[in-house]
Every structure is written in structure tokens, then in C-alpha cells.
Amino acid sequence: MKKFLHYNKPWLDEKEEIEIIDALRSGWISRGPKTSEFEKRFAEYLGVKHAIALNSCTAGLHISLLCADIKPGDEVIVPSFTFCATANTVIHCGAKPIFVDIDPETLCIDANKIEGEITPKTKAIVPVHYAGLSCDMDKITAIAQKYNLFVSEDAAHAIYSTYKGKNIGTISDTTSFSFYATKNLATGEGGMITTNNDEIAEKVRIMSLHGMSRAAWNRYNKGGSWYYEVEYPGFKYNMTDLQAALGLHQLAKLETMQNIRTKYAQMYNEAFKDLPGITIPKQVEGNRHAWHLYTLRINHDILSINRNEFIEKLNELDIGTSVHFIPVHMHPYYRKTFGCNEGDLPVTEKIFNEILSIPLYPGMTEDDVEYIINSIKTIVNKNSRQRVSYE
Ligand SMILES: *Cc1c(COP(=O)(O)O)cnc(C)c1O
């Protein structure tokens, strides 16, 4: 029996352990010098003016919308083919998410369908770089400029992604990254907002720590002042030095981890590109893919088993999988509150029924990848309507 291959696993080693112990012994177990250092190195890495560390990407998406002054009565354009946080944070501001369908190839928001959904109430767009492939940012930026909309990128999958050679995180008003346990850079829980705008950066810093005037976190230090003012009823969204201790070393080895992800993704691409009944992920020339997820799509005209049965068969072979994502508009809250229904977003719904994510993370071995490839080829071979055989 082979060991069960989990769909995902963080890649932590001794360096992170030593840094965590250092944080514990320093006494800085909430926000402190390691968080500042992590912010500095993150901003340098991307080539962006400001990086503000938070306790999650969700916090980043929420604060970004508050910086855009999103309030009840406003509308925000989002894809439905995403994690619920992208739309939930619109609701946290009292506004209404307007779901736009995805491009059937890139699986990112279809920039050609955005303009048709804009009303006088529209205030912002939240594009999601699905799986680590960038959205069409030129088109999105042009629409945002034309209608004076704020752009808050959801880059939970997109550290290391580029758009036409530019790093994701350097383009829009704000960009939010996730360091959740399954993400490419993992600190357990954690997030970061990046921006080149000084005013937005200042607002994010204040709102992520109770709305207290700047550098309040430093108030217990020598030279720090006990005095602060609350400028806004802000949130408790700051990162801690325990998370930053992990982040510092995860960032240092990001390149190495990304090289492994890319190598494994290429092995999958090579193995599956000509396999009938299977569609591999799209890549776009000039946009570097971060390979946060490796997704396959099942063609139900060619295979006699559906996506759920495909997942079952992989599970029997000890291969873990997941589905990204159950469209947000199909969840009960969204159906009940906004009257969302099946049929609203035909591309999103069709792709949801075809898609699965297979294991891809740096801690896997090449043997693991080969085992998954062979298992998938066998399943396809046995369940093809055309009964063709490969190799
Ligand atoms: C993971 C994820 C989030 C939320 O990130 P957290 O850091 O867990 O808050 C948001 N959007 C997308 C697309 C995600 O995959």
C-alpha cells in the first residue's frame, strides 16, 4: 500500500523552527520587529512601495474595500469562481457583490463581461488570479479608469505571478496576498496588502490596528509613546511575529519552492496535454503562472465517469484532491439573499462540474508525481467512451 498523498502540505524546515523559537524568547509574540522585517523584505521582493502585514487575505480584501469607501448601497464586481472571502468581504461593507462570469480558458473573470454589469452604484472591481494565472489587467485597469472604480486584486494564489512581466502586487490600488496553510507561502494564517499609494498604505495601517494612530504597536518600547488616538473604529487584523518568523524564511525559499511547483506542473502538462477527455490549465505567454493549483477538467463527452466519480477513483488510489471552487453564487446565503440561481453564470457552473485540483506542492517527490500521472492515465483509459488506449 502506498501512503495517502495529501492534496496539499506546507514546506517548513529547521530555519522556520529556529526563527519561531527566537520570536518566543524575544518576548515579541504579537506584532513586533519580525513583522516589520517581513513587510520590508516582501515589498523589496515585489518591488512595491508598501507592504502591510495582516492576519489574513480576507482582512486585506475587507480593508481594501474600506479604503475605497465601499458602503451600503454600493456594488462591487467579483467573480463567482473563487473562495467565498472575495464576496463575503463585500457584504462586510454592507455592499452588494455583482458576479461576473469567467473566461472559459483562463478561468479568471471575463474582462469583456465586466462593462455590461456596471451601474451608477458600481464602486470597485475585485479580480482573482485563479490558480496563479493573472487576469487581463490591462482591460480591467482601463475599465476602472473609465468608470472611476477602485481595483482590489485578490492575489491569494498569485505570489510569484506576473502580468506582462510586472509582478502581481505592483499594479492596482491594492493587492491582497494569503499566507494560509495551503498557499504558496504559508505562515499558518496570514496576509499582506501591497500598494504604491502612500495614502492608502497609511489608511490600511491604521484600520488594521483598531483605527489607532500610526505605530501604536510600538508604544511599549523605549521612546515609544503611551499616547494614541483612535481615528476610526478599526479592526484587529494585524500579523504577529510568530507568523512573520515563518514568513521570513518562506519568502527566502520562495524561488526554490516555485521552481519545484513549476517543474511538477510541467510534468503534468506534458503527461496530460494529449490525453483525450482531459483539459490541462491554460498558460498565457508573458504572464508567469504561480502554479498555486494544478487543475484538470473532465470532458463528459469522452469519459464515461463524471468529476465526482473521478475524485472517488483517485481517492481509492490514495490520491487526495479538491475542487476549486464551488461557485459563490450557488451557496445558500447568496441564493437566499440575492436570489442567485443556477443558470446565472453558465461558464462558471459548467467548469465547476468538470474541474478538480490534483496534488501540487514542493514537498512531493518526483515519484509521487509519476504515480499520480500513471493513476490518472489508467483511470482515463478504463473509463473512455471510445475505448481507445494510450501507450
Ligand atoms: C485562500 C483564499 C482567500 C482567503 O485567504 P485567507 O488568508 O485564508 O483569508 C481569498 N481568496 C482566495 C481566492 C483564496 O483562495
Side-chain angles (χ1 to χ4, degrees), residues 35-54 56-57 59-61 63-64 67 79 82 86 106-109 111 125-142 144-145 150-180 183-187 190-198 200-201 204 239 244 247-263 265-266 281-293 360 362:
T35 305
S36 299
E37 183 64 23
F38 182 41
E39 287 175 336
K40 187 168 152 268
R41 290 201 206 162
F42 197 86
E44 277 166 9
Y45 171 73
L46 289 184
V48 68
K49 206 161 167 197
H50 305 280
I52 302 107
L54 303 170
S56 70
C57 176
L61 295 168
I63 289 196
S64 292
C67 286
T82 181
T86 316
T106 65
L107 313 188
C108 288
I109 192 166
I125 308 175
V126 187
V128 178
H129 307 295
Y130 180 85
L133 179 66
S134 318
C135 297
D136 188 344
M137 291 313 298
D138 278 352
K139 265 191 201 144
I140 291 170
T141 306
Q145 279 169 356
F150 190 94
V151 180
S152 154
E153 292 177 43
D154 180 338
H157 303 178
I159 188 167
Y160 199 70
S161 302
T162 65
Y163 174 75
K164 295 192 175 170
K166 280 182 276 192
N167 285 328
I168 290 299
T170 63
I171 299 169
S172 298
D173 296 304
T174 62
T175 302
S176 300
F177 294 91
S178 174
F179 310 134
Y180 177 64
K183 301 287 155 72
N184 289 26
L185 188 165
T187 66
M192 189 80 81
I193 285 185
T194 61
T195 181
N196 279 312
N197 182 309
D198 298 344
I200 291 174
V204 170
M239 181 176 274
L248 283 167
H249 294 287
Q250 288 274 294
L251 184 61
K253 68 184 180 195
L254 185 67
E255 199 80 26
T256 309
M257 294 196 290
Q258 287 298 145
N259 288 341
I260 301 172
R261 278 183 188 274
T262 306
K263 181 172 83 182
Q266 281 164 351
K282 167 97 176 158
Q283 285 179 264
V284 176
E285 185 80 32
N287 299 353
R288 188 167 66 187
H289 202 306
W291 296 114
H292 170 56
L293 304 174
L360 177 64

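Just so it is clear, the structure is predicted and the values come from calculations on it, not from any experiment.
Taking Thr82 as the reference, Thr86 meet the side chain to side chain donor-acceptor pair (under 3.5 Å) condition, with sequence neighbours excluded.
Atom OH of Tyr45 is separated from atom CG of Leu185 by 9.0 Å, given to the nearest 0.5 angstrom. Interatomic distance, Gln258 CD to His292 NE2, rounded to the nearest 0.5 Å: 10.5 Å. With values rounded to the nearest 0.5 angstrom, Thr175 atom OG1 is found 6.0 Å from His129 atom NE2. Interatomic distance, OH of Tyr160 versus CG of Asn259, reported as 5.0 Å (0.5 Å rounding). The line from CG of Leu360 to CG of Asn184 is 8.0 Å long, rounded to the nearest 0.5 Å. We find the CG-OG distance between Asn167 and Ser134 to be 9.5 Å, quoted to the nearest 0.5 Å.
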### Task
Please assess Gln283 against Trp291 for the test side-chain contact (heavy atoms from CB on, under 4.5 Å), listing each intermediate value before the final yes or no.
CA-CA 10 Å; Gln283 285 179 264; Trp291 296 114; 3.6 Å; yes
### Query
So Ile168 and Tyr163, side-chain contact (heavy atoms from CB on, under 4.5 Å) or not? Walk me through it.
CA-CA 7 Å; Ile168 290 299; Tyr163 174 75; 4.0 Å; yes
#### Entry: side-chain contact (heavy atoms from CB on, under 4.5 Å) between Leu107 and Lys282, worked out
CA-CA 9 Å; Leu107 313 188; Lys282 167 97 176 158; over 6 Å; no
### Task
Could you give me the CA-CA distance, side-chain angles and deciding distance for Met192 and Phe38, then say whether side-chain contact (heavy atoms from CB on, under 4.5 Å) is met?
CA-CA 10 Å; Met192 189 80 81; Phe38 182 41; 3.8 Å; yes
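Although no hydrogens or angles enter the test, the distance criterion places no donor-acceptor pair under 3.5 Å between the side chain of Asp154 and the main chain of Pro127. Side-chain atoms of Thr35 never come within 3.5 Å of backbone atoms of Ala244 as a donor-acceptor pair (strictly under, hydrogens ignored). Formation of a donor-acceptor pair under 3.5 Å by the Asn196 side chain with backbone atoms of Val48 is not found in this model. Side chain of Thr194 to main chain of Ala51: no donor-acceptor pair is present (N/O by atom type, distance under 3.5 Å, no hydrogens or angles). At least one donor-acceptor pair closer than 3.5 Å links the side chain of Ser161 to the backbone N or O of Gly132. For Asp173 (side chain) and Val151 (main-chain N/O), a donor-acceptor pair under 3.5 Å exists by modelled atom type.
Between Ala290 and Arg261, the closest heavy-atom pair is O-CD, 3.9 Å. Across all non-hydrogen atoms, the minimal contact from Ser178 to Cys57 is CB-CB, 3.4 Å. Nearest heavy-atom pair, Leu54 versus Ala59, reported as atom, atom and distance to 0.1 Å: CD1-C, 4.1 Å. Contact record, Met137 with Thr141: O-OG1, 2.6 Å, taken as the closest heavy-atom pair. The heavy-atom pair separating Gly190 from Met239 by the smallest distance is CA-CE, 4.1 Å. Considering all non-hydrogen atoms of both residues, Leu61 and Ser152 come closest at CD2-OG, 4.1 Å.
Side-chain contact check for Asn287 versus Lys164: some heavy-atom pair is nearer than 4.5 Å. Side-chain contact between Val204 and Thr195 is absent, with no heavy-atom pair separated by less than 4.5 Å.
Surrounding CZ of Phe150 are more than 12 heavy atoms belonging to other residues, nucleotides or ligands, all under 6.0 Å away.
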